[in-house]
Amino acid sequence: MNKYEIKVVLLSGLLLSSFLFALLYNAFSRKIDTPACIPYNAAFEKGHVRQLDDSTCEVYVSAHMWGFDPAEIVIPVGTTVEFYLTSTDVVHGFNIDGKGVNLMAVPGGVNRITVPFNSIGTYRIVCHEFCGIGHQNMMGKIIVKDKIYQQ
Amino acid sequence: MTISPAYRKTILFGLFMPMTLFILGVYNGIMQTIYRAGVIHRTSVAGINYYQGLTLHGVINAIVLTTFFAVVFGHVTVSFYLKKEPPKWTYLMSMLLMVVGTLMDAFTMLAGTSEALYTFYAPLQDSPLFYIGTALLIIGSWIAFGGWVKVWFEWRRENSGKKMPLAVLGTFVNFTMWFMSTLPVAYEVLVILTPWSLGWTNQVNVPLTRMLFWMFGHPLVYFWLLPAYIAYYTILPKVAGGKLYSGNAARLAFLLFLILSTPVGVHHQFSEPVFTPGTKFWVSILTFGVAIPSFMTAFTVGASLEYAGRKRGAKGLFGWMARLPWFQQENFLFGYFICGLILFIFGGLSGIVNASYSLNQMVHNTSWVPGHFHMTVAGPVLLVILGVSLYIYSTVAGKTIKFRTLATIVPYLWMFGVALLSHGMMAGGLMGEPRRTNMGMTYTNPDSDLFNKHWVATSTTTMIGGFVMGAAALLYFISFFATATGKRTMEPVIELPESEDLHEEKPVPLLLNMRPWIIVSAILILFTYIPALISVFKYSAPVRNKFQVENPNNMIK
Ligand code: HEM
Ligand SMILES: [Cu+2]
Ligand SMILES: [Cu+2]
């Protein structure tokens with residue numbers, strides 16, 4: 001290997017190191033991380049929403065062929081949501097449109113991620129893992145409402 | 001080198017059968033783009049439903065065609081460089097198992113009993129014949145490797161002091177990696193899924209099966225790619241009219257693949273529960289590491305091409321590009337190679353996005369992902385398969401290539417089609433368009449509640465790209481099958497264009513011995529997968545789920 005080749009190896013190493021640095025920076029300073037895992041427990045298979053206080057809530061989502069439970073999640077704007085996701089049958093996907101939330105729902109495992117919802121609107125959840133013949137019908141919704149209309 | 005009739009027939013059959021199946025693979029690819037663009041709103045066409053077609057597409061194109069080619073190309077490189085045929089029983093047995101396995105898979109996919117796509121994720125259940133067939137295909141490829149190893153030891157005894165030829169090193173690295181990484185998937189299909197599918201067991205640990213699958217799934221993509229790299233290093237410089245810039249750099253690149261390609265499978269599972277962020281970040285680092293041999297390849301191959309251009313009298317910084325043998329019939333292989341390389345620049349860069357830990361969440365399982373890998377597996381991998389298959393068929397059968405003009409323009413047309421297809425899918429993916437989805441039924445159907453207008457334009461671009469690729473494939477099939485069914489006009493030989501090294505380089509002992517690299521590879525695999533396995537058992541539980549694709553009711557009561 002001559003000097004050009006060694007330079008190429010060093011340069012590509014440097015480039016990739018700068019990418020790695022960007023990932024670390026985002027994970028630590030901006031809290032953009034991959035989903036975390038928690039031990040599996042069959043209690044997660046029941047979908048429901050639990051409001052903790054004014055600005056935080058826990059949403060337990062259970063995916064099944066071919067829908068999500070709860071099918072519609074309604075929360076007040078400004079809520080930070082902690083999602084817990086599992087599946088009661090086969091593997092499903094859970095991709096919230098426009099939010100960069102991208103999870104797999106795996107039977108026998110529980111996925112978790114925290115997401116703030118700071119603007120009003122309807123967010124669609126698309127199942128993006130093949131889960132059988134009705135896969136293309138599988139969609140959920142998150143409706144983020146103005147606080148005043150909540151009650 | 002002359003060739004015995006049995007060996008010749010094995011090689012030719014190993015090219016002909018998968019290429020025939022590939023017609024079905026291409027057909028289903030084109031159909032997918034039509035469904036997805038919302039041109040048709042149907043569950044099935046001509047008796048094949050969307051997901052059955054997608055299973056056929058993935059299995060035939062990505063597992064059958066690629067594995068057969070790796071084995072046949074291995075036969076040809078090993079025999080050409082070592083001037084020996086492997087023991088007869090190994091190549092016959094290997095081909096027999098691969099053919100039987102493929103027929104079993106094809107039969108169950110067409111019968112509709114195996115439609116869980118080429119990743120066969122449990123708890124969707126396929127027919128046991130599918131799992132066994134896939135295992136036979138893999139085991140058949142191991143046996144071919146066994147034959148080459150035997151021939152290699154003989155050659156080394158007779159040629160002491162000589163270096164292992166580069167193409168043979170590449171082939172051996174590829175199959176060593178393949179052997180190590182197919183053990184987990186063999187365990188998955190034979191020990192876990194087959195008894196489960198037969199009804200002997202009812203429980204399955206889904207995260208465990210997924211981990212085992214991806215221990216194989218990533219090395220699989222390098223198994224597709226390395227034959228193309230071997231061709232880029234040992235054939236392309238010759239057909240471009242130049243020399244290989246550095247043989248040692250090529251050896252180092254292959255050996256780096258050997259250590260880094262298996263322990264990175266978890267990078268397909270960044271969005272999944274069960275693995276800790278630590279494991280995920282670690283495989284992100286390793287995956288960036290495995291990008292380095294690809295950067296090196298880009299440099300070495302680029303430098304070899306520049307040398308070729310300058311030798312033909314090119315001036316200036318970029319003049320050499322114009323002097324390369326574009327669109328030349330006598331030199332049709334060059335087009336296949338260069339178009340593959342151009343696509344791979346974009347395939348590689350988009351791959352770095354996928355590998356990037358949290359950034360992966362923007363693209364995971366969206367159509368960005370098939371957009372990316374059609375620029376790799378349907379790019380350099382497929383184009384090298386097509387070009388070299390035609391070349392090998394013609395030399396080994398002793399038949400002249402028919403419709404050379406068509407065969408010459410195929411790669412350029414194909415490249416244009418892939419560019420459109422991938423552009424459409426990647427743009428859609430960034431807007432959340434899901435992969436593996438019959439979108440025409442809902443998301444691109446204006447009558448559905450789920451309609452999303454943003455995905456119409458992107459999936460339409462994809463479809464146009466699909467049509468162009470289909471046209472290129474058709475031209476190729478005309479040339480290939482006309483050649484294959486033509487009359488013999490020459491003596492059958494095993495023959496490959498052989499590049500020389502540009503510089504005489506000092507042999508580096510570490511680059512001539514695979515053993516230390518295999519040991520490092522095993523250490524890295526344990527270092528990555530022991531923690532991953534511990535997480536699987538800590539965070540997940542087996543489930544009593546077994547489902548058929550058409551039916552949302554659990555088969556286990
Ligand atoms: C005429 C050429 C082709 C067209 C039009 C085409 C089109 C497509 C499309 C639209 C998808 C995505 C379908 C979906 O996710 O719903 C897809 C998936 C795929 N294609 Fe192709 N493709 C072609 C050639 C190839 C080739 C040559 C290969 C490999 C050698 C290949 C390998 C794959 C694989 C592995 C998948 C993923 C299957 C899965 O998600 O289970 N394709 N193709
Ligand atoms: Cu689903
Ligand atoms: Cu990978």
Side-chain angles (χ1 to χ4, degrees), chain A residues 1-2 4-5 8-9 11-13 15-17 19-20 22-24 26-27 32-42 64-66 85-86 88-91 93-95 97-98 100-104 106-112 124 126-137 139, chain B residues 43 49 51 117 121 123-124 205-207 210 246 248-249 252 270-277 280-281 284-285 288 291-292 295-296 299-300 303 352 356-362 364-366 432 434-439 441-443 450 535 538-543 545 547 549-550 552 554:
Chain A
M1 300 217 298
N2 65 18
Y4 297 109
E5 284 163 326
V8 164
V9 175
L11 271 178
S12 40
L15 179 70
L16 292 166
S17 310
F19 290 172
L20 270 180
L23 294 176
L24 280 176
N26 280 305
I32 301 176
D33 209 339
T34 55
C37 47
I38 48 175
Y40 175 75
N41 180 326
H64 57 87
M65 290 156 108
W66 290 286
L85 176 69
T86 190
T88 54
D89 42 43
V90 300
V91 180
F94 182 91
N95 192 11
D97 216 4
V101 171
N102 194 328
L103 304 173
M104 301 303 288
V106 181
V110 181
N111 223 338
R112 188 185 74 182
R124 314 219 271 175
V126 175
C127 169
H128 60 13
E129 180 58 275
F130 172 61
C131 54
I133 211 80
H135 163 56
Q136 68 280 343
N137 305 321
M139 202 173 76
Chain B
T43 51
N49 78 54
Y51 301 104
L117 308 188
Y121 289 145
L124 283 174
N205 185 319
V206 181
R210 294 172 72 80
S246 164
N248 278 345
L252 179 61
F270 286 143
S271 298
E272 277 180 48
V274 168
F275 301 107
T276 61
K280 291 175 182 172
F281 196 72
S284 225
I285 298 179
F288 281 6
I292 290 181
F295 278 113
M296 287 168 62
F299 175 80
T300 309
I352 292 180
S356 294
Y357 189 61
S358 45
L359 192 55
N360 174 275
Q361 290 181 65
M362 289 309 296
H364 176 74
N365 267 0
T366 66
R435 71 182 283 202
R436 303 185 139 180
T437 306
N438 182 358
M439 298 205 301
M441 293 291 289
T442 49
Y443 298 117
L450 277 59
S535 302
K538 183 164 161 200
Y539 293 112
S540 75
V543 288
N545 293 9
F547 287 86
V549 167
E550 302 86 18
N554 200 342

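Chain naming here is simple, since letters A, B, ... match the order of the sequence lines and numbering starts at 1 in each. As the structure is a computational prediction, the values presented were derived from the model and not from experiment.
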Participant: Given that the side chain runs from C-beta out, which part of A/Y4 has a heavy atom under 4.5 Å from chain B: side chain, backbone, both or neither?
Facilitator: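 Both backbone and side chain.
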
Participant: With a 4.5 angstrom heavy-atom cut-off, is it the side chain or the backbone of A/L16 that approaches chain B, or both, or neither?
Facilitator: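 Answer is both: backbone and side chain atoms of A/L16 are under 4.5 Å from chain B.
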
Participant: Quick check for you: among A/L24, A/V101, A/N95, which has the greatest number of heavy-atom pairs under 4.5 Å with chain B?
Facilitator: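 Heavy-atom pair counts peak at A/L24.
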
Participant: Between A/L85, A/I38, A/N41, which has the largest tally of heavy atom pairs under 4.5 Å with chain B?
Facilitator: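 Sorted descending by pairs with chain B, the first entry is A/I38.
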
Participant: Can you name the closest pair of heavy atoms from B/S356 and A/L23 and give their distance?
Facilitator: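 Shortest heavy-atom contact: O-CD2, 3.6 Å.
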
Participant: Can you say whether B/Y357 sits under 4.5 Å from chain A via the side chain, the backbone, both, or neither, judging by heavy atoms?
Facilitator: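 Both parts, backbone and side chain.
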
Participant: Using 0.5 Å steps for rounding, measure from the CZ atom of B/F270 to the CD atom of B/Q361.
Facilitator: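 B/F270 CZ to B/Q361 CD: 10.0 Å, rounded to 0.5 Å.
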
Participant: Tell me, for B/F275 versus chain A, whether the close heavy atoms (under 4.5 Å) come from the side chain, the backbone, both or neither.
Facilitator: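 When you check distances to chain A, only backbone atoms of B/F275 fall under 4.5 Å.
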
Participant: Against chain B, label A/V91 side chain, backbone, both or neither, depending on which of its atoms sit under 4.5 Å from a heavy atom there.
Facilitator: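 Both backbone and side chain.
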
Participant: Once side-chain contact (heavy atoms from CB on, under 4.5 Å) is applied, do any residues pair with A/R124, and if so which ones, sequence neighbours excluded?
Facilitator: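 Expected list: A/D97, A/M139, B/N452.
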
Participant: With respect to chain B, which residue among A/I133, A/T86, A/L103 yields the maximal number of heavy-atom pairs within a distance under 4.5 Å?
Facilitator: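 If we count pairs closer than 4.5 Å to chain B, A/I133 comes out on top.
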
Participant: Could you measure the distance from the CD1 atom of B/I352 to the CG atom of B/L359? Nearest 0.5 Å is fine.
Facilitator: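 Atom-to-atom, B/I352:CD1 and B/L359:CG are 11.5 Å apart.
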
Participant: Measuring heavy-atom distances to chain A, does B/K538 have an atom under 4.5 Å in its side chain, in its backbone, in both, or in neither?
Facilitator: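 Just the backbone, heavy atoms under 4.5 Å.
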
Participant: Which residue out of B/R436, B/H364, B/M362, B/E272 racks up the most heavy-atom pairs below 4.5 Å with chain A?
Facilitator: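 Winner by heavy-atom pair count: B/H364.
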
Participant: Do side-chain atoms of A/T88 reach the backbone of A/H64 as a donor and acceptor pair under 3.5 angstrom?
Facilitator: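 No.
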
Participant: Is A/L15 in contact with chain B via its backbone, its side chain, both, or neither, using a 4.5 Å heavy-atom distance?
Facilitator: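 Side chain only.
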
Participant: Please classify the contact of A/D89 with chain B as side chain, backbone, both or neither, using a heavy-atom distance under 4.5 Å.
Facilitator: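 When you check distances to chain B, atoms from both the backbone and side chain of A/D89 fall under 4.5 Å.
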
Participant: Would you mind checking which part of B/P277 comes under 4.5 Å of any heavy atom in chain A, side chain (CB onward), backbone (N, CA, C, O), both or neither?
Facilitator: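 Both parts, backbone and side chain.
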
Participant: Closest approach of B/F299 and A/V8, non-hydrogen atoms and distance?
Facilitator: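 That would be CD1-CG2, 3.2 Å.
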
Participant: Check whether B/N205 gets within reach of chain A through its side chain, its backbone, both or neither, counting any heavy atom under 4.5 Å.
Facilitator: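 Contact with chain A: none, neither part.
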
Participant: Which bit of B/S535 is near chain A, if near means a heavy-atom gap under 4.5 Å: side chain, backbone, both or neither?
Facilitator: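 Neither; nothing under 4.5 Å.
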
Participant: Out of B/N554, B/V543, B/N360, return the one with the most heavy atom pairs under 4.5 angstrom to chain A.
Facilitator: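 Most heavy-atom pairs under 4.5 Å with chain A: B/V543.
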
Participant: Could you state the interatomic distance from CZ (A/F130) to CG (B/N365), rounded to the nearest 0.5 Å?
Facilitator: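 One finds 12.5 Å between CZ of A/F130 and CG of B/N365.
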
Participant: Non-hydrogen atoms of chain B under 4.5 Å away: do they reach the side chain of A/S17, the backbone, both or neither?
Facilitator: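 Contact with chain B: none, neither part.
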
Participant: Residues two or more places apart in sequence or in another chain: which of them pass side-chain contact (heavy atoms from CB on, under 4.5 Å) with A/L11?
Facilitator: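 Expected list: none.
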
Participant: Can you name the closest pair of heavy atoms from B/S540 and A/Y40 and give their distance?
Facilitator: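 Here B/S540 and A/Y40 meet closest at CA-CB, 4.1 Å.
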
Participant: Between B/Y51 and B/N438 (side chain of the first, backbone of the second, donor and acceptor by atom type, cut-off under 3.5 Å), is there such a pair?
Facilitator: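 Indeed, once roles are kept as given, a pair shorter than 3.5 Å links the two residues.
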
Participant: What part of B/Y121 gets within 4.5 angstrom of chain A, counting heavy atoms only: side chain, backbone, both, or neither?
Facilitator: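 For B/Y121, the contact with chain A is made by the side chain alone.
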
Participant: Check whether any side-chain N or O of B/T366 sits under 3.5 Å from a backbone N or O of B/P434 as a donor-acceptor pair, and report yes or no.
Facilitator: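 Not a single qualifying donor-acceptor pair exists.
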
